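Okay, so here's the structure we're looking at.
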Amino acid sequence: MGEYANVAKIFGENVFNDTVMQERLPKKVYAKLKNVIKEGGELDLETADVIAHEMKEWAIEKGATHFTHWFQPLTGFTAEKHDSFITAPMPNGKVLMSFSGKELIKGESDASSFPSGGLRATFEARGYTAWDCTSPAFVRQDAAGATLCIPTAFCSYTGEALDQKTPLLRSMEAINKQALRLVRLFGNTTSNKVTPSVGAEQEYFMVDAEKFKKRKDLIYTARTLFGSMPAKGQEMDDHYFGVIRQRIAAFMKDANIELWKLGVSAKTQHNEVAPAQHELAPIYAEANVAADHNQIIMQTLKTVASRHGMKCLLHEKPFAGVNGSGKHNNWSLTTDDGINLLDPGKRPHENIQFLLTLSCIIKAVDIHAGLLRESASDPGNDHRLGANEAPPAIISIFLGEQLEDVVEQFVAKGNATHSLKGGTLDTGVKSIAGVSKDATDRNRTSPFAFTGNKFEFRMVGSRDSIAESTVVLNTIAAEAFDEACNELEKAEDFEQAVHDLVQRNFIEHRRVIFNGNGYAEEWIAEAERRGLPNITCMVDAVPELTRDINVNMFEKYGVFSKTELLSRQEVKYENYSKTINIEARAMVNIAAKQIIPAVISYTKTLADAVIAVKAAGVDLVSVQEELLRNISLELVEAQKALKELNRLGEEALKVPEGEARARYYHDMVTPAMANLRAPIDRLETMVDKNVWPMPSYGDLMFEV
């Protein structure tokens with residue numbers, strides 16, 4: 001309990017952070033490193049050797065025997081290769097423990113073994129990992145012992161990005177450059193850097209490990225492919241923010257300790273809407289650090305869950321008919337001297353710098369709505385988005401009453417003269433003081449909502465890296481800032497020009513602003529009338545990557561080349577096809593080898609009962625006979641659907657790889673999977689629970 005209570009003592013103890021560097025590095029070396037972190041550039045090998053030596057000594061004191069370049073390829077997971085600190089044996093039989101600057105700065109991996117969309121072939125295998133010194137190294141302690149993890153970028157031999165980190169760093173440089181131009185227009189000469197910050201709320205499910213092992217669908221695909229709804233789901237709304245069960249609380253306690261040691265500022269934890277669903281949220285961090293921290297969070301949740309005899313499910317929709325999981329990426333822009341460009345202040349109608357920033361972001365989201373939607377696309381999110389539990393697939397912006405009123409004033413007369421005030425909330429209870437309330441409500445149905453001094457992008461899948469959506473937000477905002485600065489820097493009357501530009505942006509792009517109910521059917525028709533894209537599935541979203549408007553933007557700001565975008569497009573199509581293929585094969589296997597044999601065995605028991613009833617001379621149709629008839633009909637339908645799914649799965653592999661195969665899986669195989677699931681889920685409600693070969697939804701969600 002003492003370790004848990006003394007957060008300040010343990011926080012960051014396994015991180016080679018600024019405090020550790022100041023203590024251990026010579027002043028000149030520390031100054032050089034800090035300058036590279038702040039300004040960019042390369043470290044000379046002599047300086048890198050000193051840093052590597054001190055990093056190694058610090059890690060060994062933590063018990064580390066190995067180091068690894070920790071990177072984020074396009075697999076959806078992190079990757080690492082461990083090397084020990086041991087060097088060649090000495091004549092006396094002892095070994096030296098060393099770690100050089102060269103080993104710190106650069107590593108090498110087989111790039112052809114990671115998804116590359118054709119950038120790397122088997123015979124062209126070389127890829128490099130390069131130290132990202134802006135994200136601190138850390139020591140991870142687990143069953144393998146202690147390992148020094150060095151966050152790195154991952155590129156091919158020919159220089160293309162093969163990871164999530166490299167484009168994220170590029171996009172951060174792009175928005176820094178353009179945002180600095182913007183603040184300079186308003187006389188700011190003191191800020192030297194603008195950094196996108198992200199706070200990613202992480203949702204997840206917890207299930208008992210022994211029950212997990214009895215579900216082959218969870219093992220193979222991370223979601224349930226079959227399952228009927230239990231008598232109780234989330235109808236009573238009693239799980240959300242409810243008392244945390246003791247087993248889960250113990251898990252959360254240990255997860256927090258592990259995260260705090262790694263410098264992850266885990267702050268908020270609670271039960272989510274669905275049974276067995278929970279959420280963890282950290283405090284904001286610079287975008288690339290936040291992306292690293294979210295990967296650490298996901299891995300830590302899984303690791304600690306196993307220690308507690310549970311499994312952490314990060315799939316976007318592990319249970320059909322129950323709310324799924326996502327990430328809410330809270331994105332803001334902050335200068336190095338503490339100015340939040342998205343802070344409207346107390347009188348937003350007078351804060352012209354904020355209004356320009358806001359109008360540019362509205363413009364960016366409207367123009368690149370399809371691309372932003374694509375950044376949240378994965379096979380799991382197809383089950384979640386638009387399901388009245390998560391944002392709709394239509395990109396829109398929620399501003400709230402206060403800012404929408406300011407926008408409408410600008411649209412109507414080119415200026416705003418007032419802002420709505422928050423006031424005081426009267427609870428009607430004399431013993432409770434009046435509560436200061438915000439000037440606007442919140443909207444949980446909006447995919448991109450302004451929430452006080454930041455935007456919350458609520459579409460990202462629970463398993464996804466936050467890097468992809470952050471790259472898009474950074475780059476589209478950089479483009480809008482760039483275009484605004486190009487116009488305003490030439491203006492003779494700056495004050496009039498900025499007001500005209502803000503008004504024009506609001507008028508031309510107000511169609512993307514929507515404060516209403518995103519779940520309402522009427523919104524779909526209204527969005528179509530406005531001309532907003534409604535991209536309902538991943539296969540339709542992926543082409544956004546290579547639309548000319550997006551390719552030109554990414555190339556202009558040095559975030560992606562066209563070659564890199566084409567490769568990512570292929571990776572996404574391949575990922576979709578492989579995911580659906582695995583799910584379909586798992587369904588066939590589970591249905592054919594587990595469920596249908598179990599049901600047939602149960603029908604024999606029923607048939608014996610029917611024979612016994614008949615032998616007793618009962619002429620009326622027995623309960624057993626009616627149940628046997630109904631089960632037999634469902635079996636026939638299930639067997640027919642099983643054969644069809646198996647046939648379509650085989651046909652899919654004959655379709656050319658890429659978009660054509662992905663579309664075949666979406667259009668043909670996915671509906672066939674639903675056709676197999678339907679009769680089997682009905683069978684689950686008919687067959688004796690003791691006969692059914694796997695734990696039910698109720699077992700998984702309520703018996704944790």
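On a predicted model such as this, the values are computed, not experimentally measured, just so you know.
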Decide, yes or no, whether a salt bridge links [X] with [Y] under the criterion of side-chain N to carboxylate O below 4.0 Å.
X	Y	answer
Arg661	Glu574	no
Arg647	Glu650	no
Glu201	Arg458	no
Arg463	Glu316	yes
Arg444	Glu456	yes
Lys177	Asp482	no
Glu526	Arg530	yes
Arg215	Asp217	yes
Arg504	Glu487	yes
Asp667	Arg663	no
Arg126	Glu108	yes
Lys317	Glu389	yes

Test item: Ser462 side-chain N/O and Leu314 main-chain N/O as donor-acceptor pair under 3.5 Å | yes
Checking Asp464 side chain against Val460 main chain: does a donor-acceptor pair fall under 3.5 Å?
-> no
With a 4.5 Å heavy-atom cut-off, do [X] and [Y] have their side chains touching?
X	Y	result
Phe77	Gln295	no
Ile513	Ser396	no
Val322	Met229	yes
Asn330	Phe455	no
Glu564	Phe554	no
Ile397	Ile362	yes

Nearest 0.5 angstrom please: [X] [atom1] to [Y] [atom2], how far?
X	Y	atom1	atom2	result
Asp382	Met538	CG	CE	7.5 Å
Asp132	Thr166	CG	OG1	9.0 Å
Phe226	Arg677	CZ	CZ	8.0 Å
Asn505	Glu483	CG	CD	9.0 Å
Tyr128	Cys155	OH	SG	11.0 Å
Leu342	Ser332	CG	OG	6.5 Å

Determine whether more than 12 heavy atoms belonging to other residues, nucleotides or ligands lie under 6.0 Å from atom [atom1] of [X].
X	atom1	answer
Lys193	NZ	yes
Tyr284	OH	yes
Arg585	CZ	no
Glu408	CD	yes

Angle class for the Phe71/Phe154 ring planes (parallel below 30°, perpendicular above 60°, tilted otherwise)?
-> tilted
Mind telling me whether His383 and His315 have parallel, tilted or perpendicular rings, with 30° and 60° as the class edges?
-> tilted
When the aromatic ring centroids of Phe457 and Trp331 are compared, is their separation below 6.0 Å?
-> no
Are Glu203 and Glu272 close enough, and set up right, to give a side chain to side chain contact (heavy atoms under 4.5 Å, CB included), and what steps lead you there?
-> CA-CA 8 Å; Glu203 296 174 344; Glu272 256 297 335; 3.3 Å; yes
Trace of the salt bridge (charged side-chain N to carboxylate O under 4.0 Å, His left out) decision for Lys572 with Glu468 | CA-CA 12 Å; Lys572 291 209 164 192; Glu468 188 172 358; 2.4 Å; yes
Partner of Phe354 under side-chain contact (heavy atoms from CB on, under 4.5 Å), chosen from Leu403, Asn453, Val406, Asn340 | Leu403
Asn550 vs Glu374, side chain to side chain contact (heavy atoms under 4.5 Å, CB included): CA-CA, chis, key distance, verdict | CA-CA 12 Å; Asn550 295 326; Glu374 192 285 326; over 6 Å; no
Check the pair Asp366, Arg510 against salt bridge (charged side-chain N to carboxylate O under 4.0 Å, His left out), reporting the backbone distance first and the verdict last.
-> CA-CA 8 Å; Asp366 184 28; Arg510 64 190 296 208; over 6 Å; no
